[in-house]
Visitor: 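Below: one structure in structure tokens.
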Amino acid sequence: MKRYHILFAALLSVAAARSEERPDSLQAAPTVEVAEAVGKVGATVVADDEFRRSRQRFLPMRRRIDREIGKVKYAYKGEVMLGLTASYGTITSEDTDFWIIVDNIDAEGTTATVKPFFGYFYRDNNCVGVRFGYNYVHGKLGNVDLDLGDKNDISFSVSDMNLSTESFSVGVFHRSYAGLDPKGRFGLFAELELAYSTGKTRFNYMSGEETKYTRSDNRKLKLSFNPGVAVYIFPNVCGTLSFGLGGVQYASVKQFDGAGAEVGKRTASKMRFRLNLADINIGMIVHLWDKKKE
């Protein structure tokens with residue numbers, strides 16, 4: 001469009017100049033000088049356009065910077081991996097010297113998690129997979145006494161409380177590896193997982209001389225980020241250590257009394273990114289169809 005504007009302006013300027021020099025009777029169609037001026041303008045526009053096209057043809061194309069993160073191959077395209085991660089922890093009240101106002105504590109807790117999974121490497125160092133999980137938590141509070149002193153006149157005692165939770169989960173994940181040594185024995189990985197879990201929680205406590213029970217149904221949808229380290233112990237077997245760094249989750253809970261009647265429900269959502277010491281998993285992975293030997 002710009003070249004037509006230039007051509008039109010040249011025609012008007014030349015025609016105006018010629019109209020001032022000649023009488024009205026001699027003003028007619030553009031003369032040879034006008035045609036020459038138009039030809040020069042057109043030639044300039046064409047030459048400029050050809051120069052711009054040739055310049056673009058010889059300039060190098062812009063490309064993304066290759067940081068060579070995937071240069072060292074830890075796993076190869078076409079491999080299938082079978083793995084298992086597990087965690088286990090206990091809490092006891094054997095040493096309570098640092099709790100001055102709390103005395104006579106008899107408490108213990110156990111948490112265990114098992115997660116089998118499998119994945120397929122759709123390209124070098126990158127895989128997608130499915131993970132299943134089972135989580136068990138049990139806590140028992142046999143007795144605890146709280147005494148804030150004579151001046152505060154506040155003290156109470158709690159005993160015979162039990163809490164147990166079981167949940168099952170299924171999720172999909174994407175994992176990317178980065179090799180740390182030329183032989184591909186040590187590596188880091190970053191994992192993004194979308195998981196859905198469902199389970200039940202049971203809680204019973206003593207009220208006077210009567211034991212009361214409550215139960216809740218729990219559902220959770222979570223998008224989490226789990227980085228870790230991996231090392232080949234054998235040619236096709238590697239050990240992993242992963243850390244939970246939080247994510248985004250939505251939870252729904254319905255609570256029932258001992259007779260099975262619904263007494264309440266709640267929903268909650270949160271986004272939190274931080275190291276969770278309770279979500280450290282040790283795993284073992286077997287790589288099938290090893291491409292390194294080919």
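All figures in this text were calculated on a predicted structure; none of them were measured in a lab.
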Visitor: Heavy atoms, side chains only, cut-off 4.5 Å: are C127 and M81 in contact?
Guide: yes
Visitor: Which distance, rounded to the nearest 0.5 Å, do you find between the CG of L84 and the OG1 of T240?
Guide: 9.5 Å
Visitor: Please assess Y232 against H287 for the test ring-ring contact (aromatic ring centres under 6.0 Å, His included), listing each intermediate value before the final yes or no.
Guide: CA-CA 10 Å; Y232 276 101; H287 289 254; 5.5 Å; yes
Visitor: List the atom of M271, the atom of V248, and the distance in Å for their closest heavy-atom pair.
Guide: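 Looking at all heavy atoms of both residues, the shortest contact is CG-CG2, 3.6 Å.
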Visitor: Do V80 and V130 sit in the same hydrophobic cluster, where Ile, Leu, Val, Met, Phe, Trp and Tyr count as joined when their side-chain heavy atoms come under 4.5 Å apart?
Guide: yes
Visitor: L245 and P227: which non-hydrogen atoms are nearest, and at how many Å?
Guide: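 For L245 versus P227, the nearest heavy atoms are CD1-CG, 3.5 Å.
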Visitor: What are the two closest heavy atoms between S164 and H138, and how far apart are they?
Guide: CB-CD2, 4.0 Å
Visitor: Between Y122 and H174, is a side chain to side chain contact (heavy atoms under 4.5 Å, CB included) present by the stated rule, with each step listed?
Guide: CA-CA 11 Å; Y122 63 94; H174 180 273; 2.8 Å; yes
Visitor: Quick one: pull up NZ in K140 and CG in N204 and give me the separation to the nearest 0.5 Å.
Guide: 10.5 Å
Visitor: For T201 and T165, what are the C-alpha separation, side-chain angles and deciding distance, and is it a side-chain hydrogen bond (donor to acceptor under 3.5 Å, both in side chains)?
Guide: CA-CA 4 Å; T201 299; T165 299; 3.1 Å; yes
Visitor: Are Y88 and Y134 connected in the hydrophobic side-chain network, where two residues link if heavy atoms are under 4.5 Å apart?
Guide: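 Not linked; separate clusters.
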Visitor: When rounded to the nearest 0.5 angstrom, what is the spacing between OG1 in T113 and CG in N281?
Guide: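 These two atoms lie 6.5 Å from each other.
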Visitor: State the CZ-CZ distance between F121 and R123, to the nearest 0.5 angstrom.
Guide: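 CZ of R123 is found 12.5 Å from CZ of F121.
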Visitor: Would you mind checking if K77 and D124 are paired as a salt bridge, meaning a charged N to carboxylate O distance below 4.0 Å?
Guide: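 No, this pair does not count.
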Visitor: Is there a path of hydrophobic side-chain contacts, each under 4.5 Å between heavy atoms of I/L/V/M/F/W/Y residues, joining Y120 to V237?
Guide: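 Yes: a chain of side-chain contacts under 4.5 Å links V237 to Y120.
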Visitor: Whether the side chain of N125 engages the backbone of V72 through a donor-acceptor N/O pair (distance < 3.5 Å, no angle test) should be reported.
Guide: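 The answer is yes, because a donor-acceptor pair under 3.5 Å joins these two groups.
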Visitor: For F225 versus A190, what's the shortest heavy-atom pair and its separation?
Guide: CE1-CB, 3.9 Å
Visitor: Hey, any chance V286 and I233 share a hydrophobic cluster, counting ILVMFWY side chains that come within less than 4.5 Å of each other, even indirectly?
Guide: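 Same hydrophobic cluster.
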Visitor: Show, in sequence, the C-alpha distance, side-chain angles and deciding distance for I285 and L82, and conclude whether the side chain to side chain contact (heavy atoms under 4.5 Å, CB included) test is met.
Guide: CA-CA 6 Å; I285 299 177; L82 303 176; over 6 Å; no
Visitor: Could you label the plane-to-plane angle of the F173 and F117 rings as parallel, tilted or perpendicular, counting under 30° as parallel and over 60° as perpendicular?
Guide: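 Perpendicular, since the angle between the ring planes exceeds 60°.
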Visitor: Report yes if some heavy atom in the side chain of Y250 is under 4.5 Å from a heavy atom in the side chain of S269; otherwise report no.
Guide: yes
Visitor: For G228 and F243, work out which heavy atoms get closest and say how close.
Guide: CA-CD1, 4.4 Å
Visitor: Flag the pair L223 / L192 as yes when at least one side-chain heavy-atom distance between them is below 4.5 Å, and no otherwise.
Guide: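 Yes. Closest side-chain heavy atoms under 4.5 Å.
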Visitor: Determine, step by step, whether E79 and K73 satisfy the salt bridge (charged side-chain N to carboxylate O under 4.0 Å, His left out) criterion, reporting the C-alpha distance in whole Å, the side-chain angles of both residues, the deciding distance to 0.1 Å, and the verdict.
Guide: CA-CA 12 Å; E79 288 186 1; K73 294 180 174 57; over 6 Å; no
Visitor: Which residue in the set K254, Q255, K200 passes side chain to side chain donor-acceptor pair (under 3.5 Å) when paired with D217?
Guide: K200
Visitor: I'd like to know whether L194 forms a side chain to side chain contact (heavy atoms under 4.5 Å, CB included) with L221, so could you lay out the CA-CA distance, the side-chain angles of the two residues, the decisive distance to 0.1 Å, and finally the verdict.
Guide: CA-CA 8 Å; L194 178 64; L221 181 65; 4.1 Å; yes
Visitor: Take atom CD1 in I282; do more than 12 heavy atoms of anything else shown fall under 6.0 Å from it?
Guide: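 Not buried by this count: 12 neighbours or fewer within 6.0 Å.
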Visitor: If you round to the nearest 0.5 Å, how far is CG of D181 from CZ of F186?
Guide: 6.5 Å
Visitor: Under a 4.5 Å cut-off applied to non-hydrogen side-chain atoms, are F203 and N162 in contact?
Guide: no
Visitor: Please round to the nearest 0.5 Å and tell me the distance separating atom CG of L275 and atom CD1 of I280.
Guide: 6.0 Å
Visitor: Are any of the side-chain nitrogens in E193 or K115 under 4.0 Å away from the carboxylate oxygens of its partner?
Guide: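 Here E193 does not pair with K115 in a salt bridge, since their nearest N and O are not under 4.0 Å apart.
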Visitor: Over all heavy atoms of both residues, which pair between Y74 and V231 is shortest? Give the atoms and the distance, please.
Guide: OH-N, 3.4 Å
Visitor: Does a side chain donor of either Y213 or R215 reach within less than 3.5 Å of an acceptor in the other side chain?
Guide: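 No.
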Visitor: Do L180 and L188 come within less than 4.5 Å of each other through their side chains, counting heavy atoms only?
Guide: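 Contact flag for L180/L188 side chains = yes.
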Visitor: Side chain to side chain contact (heavy atoms under 4.5 Å, CB included), that's the test. Do Q249 and R272 meet it? Break it down for me.
Guide: CA-CA 9 Å; Q249 73 175 29; R272 179 179 297 175; over 6 Å; no
Visitor: Under a 4.5 Å side-chain heavy-atom rule over Ile, Leu, Val, Met, Phe, Trp and Tyr, are F273 and F189 clustered together?
Guide: no
